[in-house]
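On a predicted model such as this, the values are computed, not experimentally measured, just so you know.
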Amino acid sequence: QVQLVESGGGLVQAGGSLRLSCAASGSIFSTNVMGWYRQAPGKQRELVATVSSGGSTNYADSVKGRFTISRDNAKNTVYLRMNSLKAEDTAVYYCNAFIRSADGGWDAYWGQGTQVTVSS
C-alpha cells in the first residue's frame, strides 16, 4: 500500500549538479526518518544522508559539504541536492523511509533506485 518512487537521476559531467526526489504514496499515517543510500557495482550499499522528522540531518563524510538532504512533509517527499559531483559518486541511489501506514504499523520502505552517472 505504501510505495517510494525516486526520480531525478541521469548523466552529468564532473562538477555538475543533480537533484533527486523521492515521493512516498499510499495509505500513510506518518513518516519518520527518511534517507538516501547508494550502491556502485561490486560495492556494498552505503548510507549517503538522512533527515529526521524534526529536520536533523546526517551525512556521510564523502558527501558532506557537497550534498544537501531536505524534506517536504506535506508531500511526503525527500530530496537530495548533489553539487560538485565526482566520478566516484556514480551509483544507483535508493531512498529509504520509516513509515507508519494508516492500516498497519511502522515499517521501512525502499524505492526502486535511480541511476546517477558522473562523467569526466
Check [X] against [Y] and note the closest heavy-atom contact, atom names and distance.
{"X": "A108", "Y": "F98", "value": "N-CD1, 3.8 Å"}
{"X": "A14", "Y": "S120", "value": "CB-CA, 4.4 Å"}
{"X": "S17", "Y": "N83", "value": "OG-OD1, 2.8 Å"}
{"X": "V2", "Y": "S27", "value": "CG2-O, 4.0 Å"}
{"X": "R66", "Y": "D89", "value": "NH1-OD2, 2.8 Å"}
{"X": "T77", "Y": "K75", "value": "OG1-O, 2.9 Å"}

Have a look at Y79 and tell me which of C22, S21, C95 forms a side chain to side chain contact (heavy atoms under 4.5 Å, CB included) with it.
->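 In the set C22, S21, C95, the residue that makes a side chain to side chain contact (heavy atoms under 4.5 Å, CB included) with Y79 is S21.
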So which of L4, D107, N32 actually passes side chain to side chain contact (heavy atoms under 4.5 Å, CB included) with I99?
-> L4
Out of curiosity, does [Y] fall in the hydrophobic cluster containing [X] (side-chain heavy atoms, cut-off under 4.5 Å, transitive links)?
{"X": "V78", "Y": "Y59", "value": "yes"}
{"X": "W36", "Y": "V51", "value": "yes"}
{"X": "V48", "Y": "V12", "value": "yes"}
{"X": "I69", "Y": "L18", "value": "yes"}

Drop me the distance from T68's OG1 to R19's CZ, to the nearest 0.5 angstrom.
-> 12.0 Å
Is the number of heavy atoms from other residues, nucleotides or ligands within 6.0 Å of CD (Q39) greater than 12?
-> yes
Crowded around Q44 CD? As in, over 12 foreign heavy atoms under 6.0 Å?
-> no
Between T90 and Q115, does a side-chain contact (heavy atoms from CB on, under 4.5 Å) hold up when you go through it step by step?
-> CA-CA 8 Å; T90 295; Q115 177 71 49; 4.0 Å; yes
For the pair F67 and Y93, name the ring-plane relationship: parallel under 30°, tilted 30 to 60°, perpendicular over 60°.
->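 Answer is tilted, since the angle falls between 30° and 60°.
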Kindly indicate, with the supporting measurements, whether the criterion side-chain contact (heavy atoms from CB on, under 4.5 Å) is fulfilled by S119 and L11.
-> CA-CA 7 Å; S119 65; L11 176 65; 4.2 Å; yes
Side chain of N96, backbone of Y109: donor and acceptor closer than 3.5 Å?
-> yes
Is it true that a side-chain atom of Q112 and a backbone atom of E6 form a donor plus acceptor pair closer than 3.5 Å?
-> no
Verdict with supporting geometry, N73 and T31, side-chain contact (heavy atoms from CB on, under 4.5 Å) | CA-CA 8 Å; N73 290 327; T31 301; 5.9 Å; no
Step by step, work out the side-chain contact (heavy atoms from CB on, under 4.5 Å) result for M82 and V63.
-> CA-CA 8 Å; M82 304 183 293; V63 307; over 6 Å; no
